[in-house]
Amino acid sequence: MAKPTIGFIGLGIMGRPMSRNLLNAGYALVVYDIVKAAVDEIVAAGATAGSSAKDVAARSDVIITMLPDTPDVEKVALGEDGVLAGARPGSIYVDMSTISPVMAEKVAKAGKEKGMRVLDAPVSGGDVGAQKGTLSIMVGGDEATFNEVLPIFQVMGKATLCGGNGAGQVVKACNQVLVGVTIAGVAEALTLGAKAGVDPAKIVEVLSGGLARCGVLENRGKRIVQRDFAPGFRCRLHYKDMRIIVDAAQAYGVPLPIASQVHELFKRMVVSGRGEYDHTGLITAIEELAGIEVKAHDK
Ligand code: NAD
């Protein structure tokens, strides 16, 4: 059977490598982004440019969006010039952005009313996982549609069906509780150790062999002590994720005392002009409280 044509909308830090991997796997791609340079880059790699989200949808069998935030997906999916306005009945819409589970359900319902099939499929694994095709993909929707899209997901990483529409976004919110709380914990631990005079690089090395070892400490800890705050995953996007979590906790009636504090720390990063830092830069908000700068002694 011929490979489906894929529409890819949102060619940022994640969308560009994901679409490149799909091109390399032999899929035909029609792409769109509001930033022309991003479109030009992927067209040079073999894709065709669409003129709008609606145009991309009209020319594709499977439409993928990888956009920043809930309002962006609402506009691109449901807007006048959006995916649902252009898509053919029977086509499949997969939103891979991290957005509110409530919006994911709303988009799925609207898509189904138009005769489409819809999945929410947010990812974890960062820009490196996007480049290597090793993302963890958390999917919400029906099993038949999941199985049809599975070969496409497999180009980008490992996909797991978590439940019905919205379930992928719920699991991603759980992931972001853990990543957000852990990155703040790593920042506090390293600030304590550094102010007491110990080399924070040594702390990362030693703790990575004990009970506290985890992906955030091993991967992000090294970048923190090198003061590498280039994105990666921007603080403004992690702040957005913490907002999704706090809103979901409100909707489902779940107190989240620790995650709420981390939400405030990311808010501090954004309102003080550090929204473009990688989330490793969250340590600068803790450093301010302690009055020091945390860096490896050989740096
Ligand atoms: P990004 O800001 O780098 O990219 C988003 C892209 O969407 C940009 O190129 C932007 O121009 C485009 N865009 C915005 N509005 C648009 C519109 N109306 N029409 C067309 N294009 C539009 O963000 P990113 O880091 O690639 O993240 C994308 C999503 O993936 C976010 O929801 C983020 O939370 C999630 N995510 C990111 C990472 C990461 O490490 N960067 C990891 C996991 C999940």
Side-chain angles (χ1 to χ4, degrees), residues 7-21 30-42 49-57 63-86 94-101 103-104 107 120-139 156-158 168-169 171-176 178-180 183 215-216 219-220 223 228-245 266 270 275-282:
F8 206 114
I9 302 162
L11 303 168
I13 285 183
M14 299 296 284
R16 282 200 305 278
M18 289 161 76
S19 53
R20 269 180 191 283
N21 287 340
V30 188
V31 298
Y32 177 68
D33 194 292
I34 46 176
V35 176
K36 190 176 172 299
V39 174
D40 290 347
E41 187 186 319
I42 302 304
S51 58
S52 65
K54 183 179 174 182
D55 178 50
V56 166
I63 305 115
I64 296 175
T65 49
M66 195 54 170
L67 298 160
D69 200 352
T70 305
D72 304 309
V73 172
E74 182 171 30
K75 185 173 161 214
V76 169
L78 309 179
E80 208 175 292
D81 230 5
V83 170
L84 268 59
V94 186
D95 176 41
M96 302 189 75
S97 332
T98 305
I99 65 162
S100 136
M103 180 57 68
V107 168
D120 49 291
V123 306
S124 171
D127 53 326
V128 174
Q131 286 154 22
K132 290 187 175 163
T134 56
L135 293 168
S136 173
I137 308 171
M138 298 151 254
V139 187
M156 297 183 276
K158 184 176 182 302
Q169 295 294 353
V171 176
K172 173 69 183 179
C174 299
N175 180 76
Q176 294 307 77
L178 279 175
V179 174
I183 209 159
V216 173
N219 177 301
R220 301 300 199 265
R223 281 165 61 179
D228 175 6
F229 303 145
F233 186 46
R234 296 180 169 93
C235 278
R236 71 171 158 80
L237 289 180
H238 208 143
Y239 171 47
K240 174 263 306 184
D241 287 1
M242 297 314 291
R243 232 187 317 116
I244 289 170
I245 292 160
F266 276 111
V270 171
E276 297 305 312
Y277 283 31
D278 185 74
H279 62 169
T280 48
L282 187 71

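Whatever order the structure lists them in is the order used to number ligands and atoms, beginning at 1.
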Asker: Identify, by atom number and element, the atoms of ligand 1 in contact range of Val35, meaning under 4.0 Å from any of its heavy atoms.
Answerer: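 Checking each atom against Val35, I get 11 (O).
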Asker: Does the Lys172 side chain pair with the main chain of Met138, one donor and one acceptor, at a distance under 3.5 Å?
Answerer: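 Answer holds: no.
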Asker: Does ligand 1 have any atom sitting under 4.0 Å from a heavy atom of Lys172?
Answerer: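 Flag set, Lys172 near ligand 1.
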Asker: Determine whether Asp69 and Asp72 make a side-chain contact, defined as any pair of heavy atoms from C-beta on separated by less than 4.5 Å.
Answerer: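 A side-chain contact exists here, since the closest heavy-atom pair is under 4.5 Å.
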Asker: Nearest to atom 35 (C) of ligand 1, what protein heavy atom do you find, and at what distance?
Answerer: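 Result for atom 35 (C) of ligand 1: Thr98 OG1, 3.6 Å.
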Asker: Quick one: look up the protein heavy atom nearest atom 30 (O) of ligand 1 and list residue, atom name and how far away it is.
Answerer: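 Answer for atom 30 (O) of ligand 1: Met66 CE, 3.1 Å.
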Asker: Mark yes or no for whether Thr70, through its side chain, and Ser100, through its backbone, hold a donor-acceptor pair below 3.5 Å.
Answerer: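 Here the side-chain-to-backbone pair exists.
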Asker: Parallel, tilted or perpendicular: which describes the rings of His238 and Phe233, with under 30° parallel and over 60° perpendicular?
Answerer: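 Geometry flag for Phe233 against His238: tilted rings.
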Asker: Of all the non-hydrogen atoms in the protein, which one sits nearest to atom 15 (N) of ligand 1, and at what distance?
Answerer: Ile34 CD1, 3.6 Å
Asker: Could you say whether the N/O atoms of Met14 and ligand 1 ever approach to under 3.5 Å?
Answerer: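 Yes: some nitrogen or oxygen of Met14 is under 3.5 Å from one in ligand 1.
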Asker: Test of understanding: given a 4.0 Å heavy-atom threshold, classify the contact between His238 and ligand 1 as side chain, backbone, both, or neither.
Answerer: neither
Asker: Is the shortest distance from a Lys or Arg side-chain nitrogen in Glu41 or Arg20 to a carboxylate oxygen in the other one below 4.0 Å?
Answerer: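 A salt bridge links Glu41 with Arg20.
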Asker: Could you give me the CA-CA distance, side-chain angles and deciding distance for Asp278 and Arg234, then say whether salt bridge (Lys or Arg N to Asp or Glu O under 4.0 Å) is met?
Answerer: CA-CA 4 Å; Asp278 185 74; Arg234 296 180 169 93; over 6 Å; no
Asker: Applying a heavy-atom cut-off of 4.0 Å, say which part of Arg234 lies close to ligand 1: side chain, backbone, both or neither.
Answerer: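 It is the side chain that gets close, since no backbone atom is under 4.0 Å.
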Asker: If you measure every N or O of Leu237 against every N or O of ligand 1, does any of those distances drop under 3.5 Å?
Answerer: no
Asker: What atoms of ligand 1 come closer than 4.0 angstrom to any heavy atom of Phe233?
Answerer: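 Answer, ordered by atom number: 34 (O), 37 (C), 38 (C), 39 (C), 40 (O), 41 (N).
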Asker: Taking the six-membered ring for Trp, is the centroid-to-centroid distance between Tyr277 and Phe229 below 6.0 Å?
Answerer: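 Tyr277 vs Phe229: aromatic centres under 6.0 Å.
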Asker: Counting heavy atoms only, which of Pro68, Gly50, Gly125, Gly79 is nearest atom 14 (C) of ligand 1?
Answerer: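 Result: the heavy atom closest to atom 14 (C) of ligand 1 is in Pro68.
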Asker: Can you tell if the side chain of Lys158 reaches within under 4.5 Å of the side chain of Thr134, non-hydrogen atoms only?
Answerer: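 No, side chains not in contact.
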Asker: What residue and atom, counting heavy atoms only, is the protein's closest point to atom 8 (C) of ligand 1, and at what distance?
Answerer: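 Answer for atom 8 (C) of ligand 1: Asp33 OD2, 3.5 Å.
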Asker: Check each atom of ligand 1 against the heavy atoms of Asp127 and keep those under 4.0 Å away; list them by number with element.
Answerer: 40 (O)
Asker: If you round to the nearest 0.5 Å, how far is CE of Met103 from CG of Asp120?
Answerer: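 Between atom CG of Asp120 and atom CE of Met103 there are 12.5 Å.
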Asker: Test your reading of the model: is there a side-chain donor-acceptor pair from Lys240 to the backbone of Cys235, 3.5 Å cut-off?
Answerer: no
Asker: Between Gln169 and Ser97, is there a donor-acceptor pair closer than 3.5 Å when you use the side chain of the first and the backbone of the second?
Answerer: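 Such a contact is found between Gln169 side chain and Ser97 backbone.
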Asker: Taking side chain as C-beta onward, heavy atoms only, is Met96 less than 4.5 Å from Thr65?
Answerer: no
Asker: Distance to 0.1 Å, residue and atom name: give those for the protein heavy atom nearest to atom 4 (O) of ligand 1.
Answerer: Gly12 CA, 3.2 Å
Asker: Just by modelled atom types, is the Asp228 backbone N or O under 3.5 Å from a matching donor or acceptor in the Thr280 side chain?
Answerer: yes
Asker: Counting heavy atoms only, which of Leu67, Asp72, Leu11, Val31 is nearest atom 16 (C) of ligand 1?
Answerer: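 Nearest heavy atom to atom 16 (C) of ligand 1 lies in Leu67.
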Asker: Which ligand 1 atoms, with their elements, are less than 4.0 angstrom from a heavy-atom of Tyr32?
Answerer: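 Selected atoms, number and element: 19 (N), 20 (C).
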Asker: Quick one: does Ala53 get a heavy atom under 4.0 Å from ligand 1?
Answerer: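 Flag not set, Ala53 not near ligand 1.
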Asker: Would you say Lys240 has any N or O atom under 3.5 Å from an N or O of ligand 1, going by distance alone?
Answerer: yes
Asker: Touching ligand 1 at all, Arg16? Heavy atoms, strictly under 4.0 Å?
Answerer: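 It does not, in that no heavy atom of Arg16 comes within the 4.0 Å cut-off of ligand 1.
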Asker: Which atoms from ligand 1 have a heavy atom of Gly232 less than 4.0 Å away?
Answerer: 41 (N)
Asker: Can you find an N/O atom of Ser97 closer than 3.5 Å to an N/O atom of ligand 1?
Answerer: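 No, there is no polar N/O contact under 3.5 Å.
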Asker: Provide, to 0.1 Å, the distance between atom 44 (C) of ligand 1 and the closest protein heavy atom, together with that atom's residue and name.
Answerer: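 Looking only at protein heavy atoms, the one closest to atom 44 (C) of ligand 1 is Val123 O, 3.6 Å.
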Asker: For atom 19 (N) of ligand 1, which candidate among Val76, Val179, Leu135 provides the closest heavy atom?
Answerer: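 It is Val76 whose heavy atom sits nearest to atom 19 (N) of ligand 1.
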Asker: Quick one: pull up CG in Asp33 and CG in Leu11 and give me the separation to the nearest 0.5 Å.
Answerer: 5.0 Å
Asker: Can you name the atoms of ligand 1, numbered from 1 with element, that are less than 4.0 Å from a heavy atom of Gly10?
Answerer: 7 (O)
